[in-house]
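This report concerns only the one structure given below.
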Amino acid sequence: LFGVVIMGFGLWLLLDKQSFIVVLNNSTPVKVGCYILIGVGAFSMLMGFVGCLGAIYEIRCLLGLYFTCLLLILIAQIAAGALIYFQKEMLNNEMSNIVAKVLDGYPGNNSKTEQTWDYIQRTMECCGWNDRHDWNSNMVIRNSSELLFPCSCQNASLSEEILSNSRFCESETSNWPVYNAGCSESVESWLITNLGVVLGICLGVAFIELLGMILSICLCRNIQMEDYTEVPKYNH
């Protein structure tokens, strides 16, 4: 079961096209992480099959292999969680660099990523990753003779104009009528709100792994080994 969960999570990160994950998928480390999750999930499912064979046919070596692999996977998960926790600043910088590339090349050929980012800014009512000034490096805005700003950042309470679905809108002054908050704050708030669900899933997977380890040990101890010293010997 935990193999299916891990593999499904990796596939969701890799294939999802309707959330913030689309933006992150531009990063090579994120893609590598997705493939690692898929590989670990597939390996866990294979080990589950090995454990079933060991339990059905009472083969101690297979049960021992199953226990060892579960232990290694559990240790790896704990190490990954600790690494993510202690490298939060580095991860935030990586995400900032990913978003900066999207904003600098906006609008470009990767329309799906840009549409996703527009959706994030509209729904989360934010502008840029850190703040609205992240858009100052955009080539279209810098090279335009007009005072342009991204329409998806437009704050309706600061402008009487109807919100546009186009990429850029024109401002009457250099003070854009946009949201001041950066999307990093909104994404962080979303993560904190859903932290309970994420922790619940992680604890559930860890519990299933521990349960599998305990059951494999119990089965190993209960398997009767043949005592070949009691087999009668025949003289030829």
Side-chain angles (χ1 to χ4, degrees), residues 1-88 90-92 94-95 97-98 110 112-113 116 187 190-228 231:
L1 178 59
F2 57 86
V4 176
V5 173
I6 296 174
M7 188 174 181
F9 184 65
L11 287 171
W12 171 69
L13 291 177
L14 188 65
L15 302 177
D16 182 47
K17 302 298 181 183
Q18 297 181 340
S19 67
F20 184 68
I21 302 301
V22 177
V23 180
L24 294 182
N25 278 343
N26 287 329
S27 170
T28 300
V30 173
K31 287 185 177 180
V32 172
C34 293
Y35 289 122
I36 291 175
L37 285 174
I38 294 172
V40 170
F43 180 73
S44 299
M45 293 171 66
L46 177 62
M47 286 301 101
F49 178 70
V50 170
C52 289
L53 288 179
I56 293 172
Y57 295 103
E58 297 185 347
I59 304 175
R60 278 192 168 187
C61 63
L62 291 183
L63 290 173
L65 177 63
Y66 178 66
F67 171 84
T68 304
C69 290
L70 281 184
L71 180 60
L72 292 176
I73 291 173
L74 183 61
I75 293 173
Q77 289 172 345
I78 295 173
L83 183 65
I84 291 173
Y85 179 79
F86 290 111
Q87 297 293 327
K88 289 185 292 185
M90 185 191 72
L91 291 174
N92 183 63
E94 176 67 18
M95 293 175 68
N97 293 332
I98 293 171
N110 196 353
K112 192 63 181 180
T113 301
T116 301
V187 172
W190 180 86
L191 289 175
I192 293 174
T193 302
N194 294 274
L195 185 61
V197 177
V198 175
L199 287 177
I201 294 174
C202 293
L203 290 175
V205 170
F207 174 77
I208 295 173
E209 289 174 345
L210 286 173
L211 184 62
M213 292 167 62
I214 294 171
L215 290 176
S216 63
I217 292 177
C218 293
L219 286 171
C220 269
R221 297 184 62 180
N222 291 332
I223 292 175
Q224 298 295 326
M225 296 294 291
E226 295 291 344
D227 188 0
Y228 293 101
V231 177

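If you run side-chain contact (heavy atoms from CB on, under 4.5 Å) between Ile75 and each of Ile78, Leu71, Ile73, only Leu71 comes through.
Separation of atoms OG1 (Thr68) and CG (Leu63) is listed at 10.5 Å; rounding is to 0.5 Å. Here the straight-line distance linking atom CG of Leu211 with atom CG of Leu70 works out to 10.0 Å at 0.5 Å rounding.
Considering all non-hydrogen atoms of both residues, Ser216 and Phe67 come closest at OG-CB, 3.5 Å. Of all heavy-atom pairs spanning Cys220 and Gly64, the tightest one is SG-N, 4.1 Å. Summarising the geometry of Cys69 relative to Met47, their closest heavy-atom pair is SG-SD, 3.2 Å, with the distance given to 0.1 Å.
Contact annotation: the side chain of Leu74 approaches that of Leu210 to within less than 4.5 Å [non-hydrogen atoms, C-beta and beyond]. When side chains are defined from C-beta on, Arg60 does not count as touching Leu219, because their heavy atoms never get closer than 4.5 Å.
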